[in-house]
**Q** 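Handing you a structure now.
Chain letters run A, B, ... following the sequence lines, proteins first, then strands; residues in each count from 1.
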Amino acid sequence: MESQGSCSVFDHVVRAPEDPILGVTVAYNKDQSPIKLNLGVGAYRTEEGKPLVLNVVRQAEQTLVNDKSRVKEYLPIVGLAEFNKQSAKLIFGSDSPAIQENRVTTVQCLSGTGSLRVGGEFLAWHYLERTIYIPVPTWGNHPKVFTLAGLSVKTYRYYDPATRGLDFQGMLEDLNSAPAGAIVLLHACAHNPTGVDPTLEQWEQIRQLIRLKGLLPFFDSAYQGFASGSLDSDAQSVRIFVADGGECLVAQSYAKNMGLYGERVGALSIVCKNADVAGRVESQLKLVIRPMYSNPPIHGASIVAMILRDRDMYNEWTIELKGMADRIISMRHQLFEALLARGTPGDWSHIIKQIGMFTFTGLNSEQVAFMTREYHIYMTSDGRISMAGLSSTTVPHLADAIHAAVTRVA
Amino acid sequence: MTVGVNVSRFEGIAMAPPDPILGVSEAFRADTNEKKLNLGVGAYRTEELQPYVLKVVKKAENLMLERGENKEYLPIEGLAAFNKATAELLLGADNPVMKEGRIATVQGLSGTGSLRLASALIERYFPGAKVLISSPTWGNHKNIFNDARVPWSEYRYYDPKTVGLDFEGMVADIKAAPEGSFILLHGCAHNPTGIDPTPEQWEKIADVIQEKNHIPFFDVAYQGFASGSLDQDAASVRLFAARGMEILVAQSYSKNLGLYAERIGAINVVCSSADAAARVKSQLKRLARPMYSNPPVHGARIVANVVGDPALFGEWKAEMELMAGRIKNVRQKLYDSLMAKDKSGKDWSFILKQIGMFSFTGLNKAQSENMTNKWHVYMTKDGRISLAGLSLAKCEYLADAIIDSYHNVS
């Protein structure tokens, strides 16, 4: 049977460009060069350059698959109860008064993205101030998530290219001029893409200003445990906000810290004034989720719940997590040393000062394009590189590329 | 404004009502009566009324574990092997549409997620276009279109007088819709009625859709589950494809592979050219990325493994025939029990004519409530019962309940 020729109801649908972040991997895969290096998406690699499935995850999976009593019935709309309970404890602390007072609702969502989207849609439907302030720069997908959720997106100053650090004054000024009630997106730790985090003292000032202005904080926590190697330290920013009795939203992802990327495991928590509000908020979250995907996927959440609940598995996890975080810190030092050794012009100390999986190199898009063309280095055009994609053997190649880019391209 | 004396930001939020379908199972669990029967949610149960994990699924999961596969992010469009397998299952591997590459397939979060992606595409590229849904239809359809901001209206479908299809009403309403509307059709095993058009009626439905330049939009949640045959249950979709029409098709593997909680499905768009399909696929990706970034890997791998291995595929078909067969047997027993016990002469044969997991009993809201309150039979208020939740052993009890509710309650 023949098609209807060239006439289509989709004739007006243009081809979308590749996603800027995920498209990096697409381009990398097409490259045939044996020296190619993928520093695009933030997925951890071992020293051998291989993806890593944590031992404790394999163990949990084996237990799940061997358990003959397990079924695949629909989860509740809010997801796996044990997972939700453990996730709240992980981010807020097991002794958190907010949890004890039952004023937190936690719902399982599709990793960080899904948690942000569900939270954003909930706010667009039910919250009186439909504007969210996001830092400049931020993860490329943030503005899209919130716009499609129905919020209006504005920005606050964050990164200072001159110091390659935090523009703290600018941040405070912009938050100060936000309308009362506006939502503020905060990266809980290991800011993506810059790796620049406020100090604890700065967080305290941010907290005071946000509470004074009646702004609503919405935390994106995608790297708990990855920033410093300590799960509790990396949650401090969130916890000081919860400790003051105020409300906030938190999106958690287990993609990086448990290596569960493709399983799409995450949680959205909303800390409310009291248990009654939390109950009503949860009921409305269900109305957002049901028409989006009905209920969340069970596999990844089951793995997480098992690991968080079992003391031995939890401890093993923290060791493997610290191992990943330490390897990344080691790569930072190696790259820094390599650039020093080559006498590459410029101050590269930000490589060791920045926190988390990424380094915001400060390279411009022409330099990035040059590095891709001449050295087969794949990274996002904003100059962000994933340290997790480096190894001792590939650091020299990257250092050569950066050196060449800085000295040959304006 | 100081912290501690604030009223909650969410104080004005009302408690949402429980989901009408999923809420039924919650109420069932709370009931302590030993005669209770859950005919609410459409999840298959064995004769012992236990959930069922297919043997091929367990085999596939064991294989996956043995292989030690990684958990890297899938591409935004999902697992390539799954997308290929699912499109071939739907249309047949030798279908010209497949050979000409004019189908866009994107892995979605089961049926709901796939419908939501399609709705987002409609909202963006066909602004103002309406979706016509059957009266009645699955309760979540309208929620999906509402949240996606796609207008919808109903076409006549169920005729309470005949407990059958109001075919003339259906055709008239489709004909009356503004040109270029999307017509939501259930590929087989209509939910909630179990009433499907005959092949001749499908031809006429296709005629009027073509005449009005409407776009057919299939919801295929029961392929293989309705008749026991994958090919037979896809006949309606294939009929439309054979006419060279452009079609949207949402698929789910919740029921036919028992993968409910894994959330695995796909949105397919059959286009008149490979170029259109490529463009449409790129835009579906652009809608998925701000919703959940990329879909969960586990369920997709299970499907790809089962469909990709001839032995497993054969075993799957056999297990599906068993499931469909059990439902047919239960229909027969229920019909026999009703005819034996009901002395009024009412014709209960519609139970045998209906197909799939559900039966529309013809009971109204009050009668359905009587089923629950007096007989502890849990069902949705529209009179729908899930035969998948019925055992041969309970048919007589159910018949008593139906007869009492039908005749003694108005």
Side-chain angles (χ1 to χ4, degrees), chain A residues 1-10 13-16 19 22 43 51 53 61-62 65 71-75 77 110-111 113-114 117 126-127 141 144-145 148 211 214 216 244-247 259-264 272-274 277 280-281 283-284 286-287 290-294 297-299, chain B residues 1 3-4 6 8-11 13-16 19 22 43 51 53 61-62 65 70-74 76 96 100 102 109-110 112-113 116 125 140 143-144 146-147 215 242 244 246 258-263 271-273 276 278-280 282-283 285-286 289-293 296-299:
Chain A
M1 286 289 159
E2 277 149 47
S3 65
Q4 280 170 340
S6 56
C7 186
S8 165
V9 297
F10 305 109
V13 177
V14 300
R15 186 149 198 155
D19 178 273
L22 303 177
V53 177
E61 231 181 3
Q62 189 73 66
V65 173
V71 295
K72 293 197 180 291
E73 295 302 290
Y74 290 124
L75 284 178
I77 301 174
L110 286 136
S111 206
T113 308
R117 178 63 179 262
H126 294 286
Y127 187 56
N141 204 22
K144 297 171 197 166
V145 169
L148 287 211
R211 295 310 194 197
L216 180 64
D244 70 12
E247 298 177 317
L260 290 173
Y261 309 92
E263 301 288 356
R264 317 314 290 130
C272 306
K273 263 288 171 225
N274 59 59
V277 171
R280 288 184 269 124
V281 164
S283 74
Q284 294 293 348
K286 285 158 81 167
L287 293 195
R290 175 63 160 151
M292 207 185 278
Y293 51 85
S294 280
I298 194 174
H299 193 70
Chain B
M1 221 201 290
V3 168
N6 284 1
S8 167
R9 304 311 178 65
F10 309 117
E11 187 54 49
I13 290 179
M15 183 67 96
D19 181 274
L22 302 177
V53 179
E61 283 188 309
N62 277 308
L65 207 54
N70 67 44
K71 293 190 179 298
E72 294 301 286
Y73 289 125
L74 285 178
I76 303 175
E100 291 157 25
R102 40 188 196 87
L109 292 150
S110 204
T112 307
R116 180 62 179 261
Y125 289 100
N140 203 27
N143 299 330
I144 294 168
N146 284 341
D147 272 27
I215 298 154
E246 295 188 296
L259 291 176
Y260 307 94
E262 303 290 354
R263 318 312 293 131
C271 306
S272 61
S273 68
R279 286 181 277 115
V280 166
S282 75
Q283 294 298 348
K285 284 165 66 172
R286 216 171 128 233
R289 172 59 158 158
M291 209 185 282
Y292 49 82
S293 281
V297 65
H298 195 71

**Q** If you compare all heavy atoms of A:Tyr293 against all heavy atoms of B:Arg263, which two are closest, and at what distance to 0.1 Å?
**A**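 So the minimum-distance heavy-atom pair works out to O-NH2, 2.8 Å.
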**Q** Who among B:Ile144, B:Asn140, B:Val297 has the most heavy-atom pairs with chain A under 4.5 Å?
**A**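 So the answer, after comparing B:Ile144, B:Asn140, B:Val297, is B:Asn140.
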**Q** At what distance, to the nearest 0.5 angstrom, does CD of B:Glu262 lie from CG of A:Leu75?
**A**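 Interatomic distance, B:Glu262 CD to A:Leu75 CG, rounded to 0.5 Å: 9.0 Å.
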**Q** Considering only heavy atoms, which portion of B:Asn70 lies under 4.5 Å from any heavy atom of chain A: side chain, backbone, both, or neither?
**A**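 Both the backbone and the side chain of B:Asn70 come within 4.5 Å of chain A.
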**Q** Out of A:Arg15, A:Gln284, A:His299, A:Lys286, return the one with the most heavy atom pairs under 4.5 angstrom to chain B.
**A**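 Maximum pair count with chain B is reached by A:His299.
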**Q** Quick one: pull up CD in B:Glu61 and NZ in A:Lys72 and give me the separation to the nearest 0.5 Å.
**A**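 B:Glu61 atom CD to A:Lys72 atom NZ measures 3.5 Å (nearest 0.5 Å).
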**Q** Please give me the minimum heavy-atom distance between B:Ala16 and A:Ser283, naming the atom from each residue.
**A**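 Looks like N-OG, 2.8 Å.
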**Q** Can you say whether B:Ile13 sits under 4.5 Å from chain A via the side chain, the backbone, both, or neither, judging by heavy atoms?
**A**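 Looking at B:Ile13, backbone and side chain both touch chain A.
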**Q** Heavy-atom pairs under 4.5 Å with chain B are the metric here; pick the option from A:Arg290, A:Lys144, A:Glu263 that has the most.
**A**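 Ranked by contacts with chain B, first place is A:Arg290.
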**Q** Step by step, work out the side-chain contact (heavy atoms from CB on, under 4.5 Å) result for B:Glu11 and A:Val277.
**A** CA-CA 6 Å; B:Glu11 187 54 49; A:Val277 171; 3.6 Å; yes
**Q** May I ask you to test the B:Asp147-A:Met292 pair for a side-chain heavy-atom distance under 4.5 Å?
**A**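 In short, these two side chains do not touch, never coming nearer than 4.5 Å.
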**Q** Is it the backbone or the side chain of A:Ser111 that comes under 4.5 Å from a heavy atom of chain B, or both, or neither?
**A**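 Neither part; nothing is under 4.5 Å.
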**Q** Do B:Lys71 and A:Pro51 make a side-chain contact, defined as non-hydrogen atoms from C-beta onward lying under 4.5 Å apart?
**A**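 No, side chains not in contact.
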**Q** Check whether B:Ser272 reaches the backbone of A:Cys7 with its side chain - one donor and one acceptor, N or O, closer than 3.5 Å.
**A**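 A pair under 3.5 Å: yes.
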**Q** Name the region of B:Ser110, side chain, backbone, both or neither, that has any atom closer than 4.5 Å to a heavy atom of chain A.
**A**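 Neither part.
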**Q** Please classify the contact between A:Tyr127 and chain B as side chain, backbone, both or neither, with a heavy-atom cut-off of under 4.5 Å.
**A**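 Side chain only.
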**Q** Indicate the atoms forming the closest heavy-atom contact of A:Glu73 with B:Pro51, along with that distance.
**A**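 That closest heavy-atom pairing would be OE2-CB, 3.4 Å.
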**Q** What I'd like to find out is whether the side chain of B:Thr112 reaches to under 4.5 Å of the side chain of A:Pro291, using heavy atoms alone.
**A**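 With C-beta onward as the side chain, the pair stays apart.
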**Q** Specify which of B:Gly299, B:Gly113, B:Ala261 makes the most heavy-atom pairs with chain A at under 4.5 Å.
**A**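 Ranked by heavy-atom pairs under 4.5 Å with chain A, first place is B:Ala261.
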**Q** Can you name the nearest heavy-atom pair linking B:Ser8 to A:Glu247, along with the distance?
**A**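 Taking B:Ser8 first and A:Glu247 second, the nearest heavy atoms are OG-OE2, 2.6 Å.
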**Q** Would you say the side chain of B:Gln283 lies within less than 4.5 Å of the side chain of A:Val14, judging by non-hydrogen atoms?
**A**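 They are in contact (side-chain heavy atoms under 4.5 Å apart), so the answer is yes.
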**Q** What closest approach, in Å, do A:Arg280 and B:Phe10 show between heavy atoms, and which atom pair accounts for it?
**A**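 A:Arg280 and B:Phe10 have their closest heavy atoms at NH1-O, 3.8 Å.
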**Q** Would you say the side chain of A:Leu148 lies within less than 4.5 Å of the side chain of B:Met291, judging by non-hydrogen atoms?
**A**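 A side-chain contact under 4.5 Å is absent here.
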**Q** Which bit of B:Val280 comes within less than 4.5 Å of chain A, counting heavy atoms only: side chain, backbone, both or neither?
**A**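 Both backbone and side chain of B:Val280 come within 4.5 Å of chain A.
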**Q** Checking side-chain contact (heavy atoms from CB on, under 4.5 Å) for the pair A:Asp19/B:Lys285: CA distance, chi angles, key distance, verdict?
**A** CA-CA 9 Å; A:Asp19 178 273; B:Lys285 284 165 66 172; over 6 Å; no
**Q** Look at A:Glu61, A:Arg117, A:Arg264 and state which one has the largest set of heavy-atom pairs under 4.5 Å with chain B.
**A**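 Most pairs with chain B among the choices: A:Arg264.
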**Q** Closest approach of A:Phe10 and B:Arg279, non-hydrogen atoms and distance?
**A**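 Answer, listing the atom of A:Phe10 first, then B:Arg279: O-NH1, 2.9 Å.
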